[in-house]
Amino acid sequence: MTASAKTESKEAPNDSRPDVVVQLSVQNRRVAERDVTTLLALLGGSTAGENRNSTILAVVPRSSYEDFTRGLAQLGASQMETEGPPLPDPVHVTIRLAR
């Protein structure tokens with residue numbers, strides 16, 4: 001039991017660390033959440049878990065990442081907070097919605 005608990009605790013931080021963090025300034029957060037979810041679906045991505053505190057956790061195929069960033073820029077003013085090169089496939093993105 002102890003060994004599996006240690007294994008889980010070692011794996012959890014890797015799964016929760018995003019590859020990219022973006023702040024997206026929008027007028028309406030609910031509309032932005034819907035639009036981001038739609039954009040992800042169009043590009044073969046998905047949300048990872050529940051959206052909390054105006055934060056969206058997303059998983060985007062590496063091949064669609066550039067299209068995804070262009071789509072975000074159309075939804076509002078976006079600012080990259082962190083981006084770790086090289087990006088893996090898939091890319092884990094945290095999107096913080098702000099006004």
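Side chains included, hydrogens not; waters and symmetry mates left out as well; all remaining heavy atoms used.
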Report task. Specify the closest pair of heavy atoms between Ser78 and Ala73, including all atoms of both residues, with the distance to one decimal. Result ->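 Nearest pair, atom of Ser78 first, then Ala73: OG-CA, 4.1 Å.
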
Query raised in the report: Which pair of heavy atoms, one from Gly44 and one from Pro61, lies closest together, and at what distance?
Result: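 Looking at all heavy atoms of both residues, the shortest contact is O-CG, 3.5 Å.
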
Quick one: pull up [atom1] in [X] and [atom2] in [Y] and give me the separation to the nearest 0.5 Å.
X: Leu24; Y: Ile56; atom1: CG; atom2: CD1; answer: 8.0 Å
X: Arg29; Y: Arg96; atom1: CZ; atom2: CZ; answer: 12.5 Å
X: Glu33; Y: Thr47; atom1: CD; atom2: OG1; answer: 10.0 Å
X: Arg70; Y: Gln74; atom1: CZ; atom2: CD; answer: 9.0 Å
X: Ser54; Y: Gln23; atom1: OG; atom2: CD; answer: 11.0 Å
X: Arg34; Y: Asn28; atom1: CZ; atom2: CG; answer: 8.5 Å

Query raised in the report: Are Thr94 and Val22 side-chain neighbours, meaning at least one heavy-atom pair lies under 4.5 Å?
Result: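 They are not in side-chain contact.
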
Query - Val20 vs Tyr65 side-chain heavy atoms within contact, under 4.5 Å - result: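 Of all side-chain heavy-atom pairs linking Tyr65 with Val20, at least one is under 4.5 Å.
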
Query raised in the report: Hey, any chance Leu87 and Val93 share a hydrophobic cluster, counting ILVMFWY side chains that come within less than 4.5 Å of each other, even indirectly?
Result: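 In one cluster with Leu87: Val93, yes.
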
Query raised in the report: Is there a path from Leu72 to Leu43 through hydrophobic residues (I, L, V, M, F, W, Y) whose side chains come within less than 4.5 Å of each other?
Result: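 Linked within one cluster.
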
Could you check whether any side-chain N or O of [X] sits under 3.5 Å from a backbone N or O of [Y], counting only pairs where one atom can act as donor and the other as acceptor?
X: Ser64; Y: Val60; result: no
X: Asp89; Y: Arg62; result: yes
X: Asn53; Y: Thr55; result: no
X: Asp19; Y: His92; result: yes

Query raised in the report: Can Ser46 and Val59 be said to form a side-chain contact (heavy atoms from CB on, under 4.5 Å), step by step?
Result: CA-CA 5 Å; Ser46 63; Val59 180; 4.2 Å; yes

Query - From CA spacing to verdict: side-chain contact (heavy atoms from CB on, under 4.5 Å), Thr69, Met80 - result: CA-CA 10 Å; Thr69 58; Met80 291 287 177; 3.8 Å; yes

**Report entry** Residues Leu97, Ile95; criterion side-chain contact (heavy atoms from CB on, under 4.5 Å); working and verdict
**Finding:** CA-CA 6 Å; Leu97 301 177; Ile95 305 150; 4.1 Å; yes

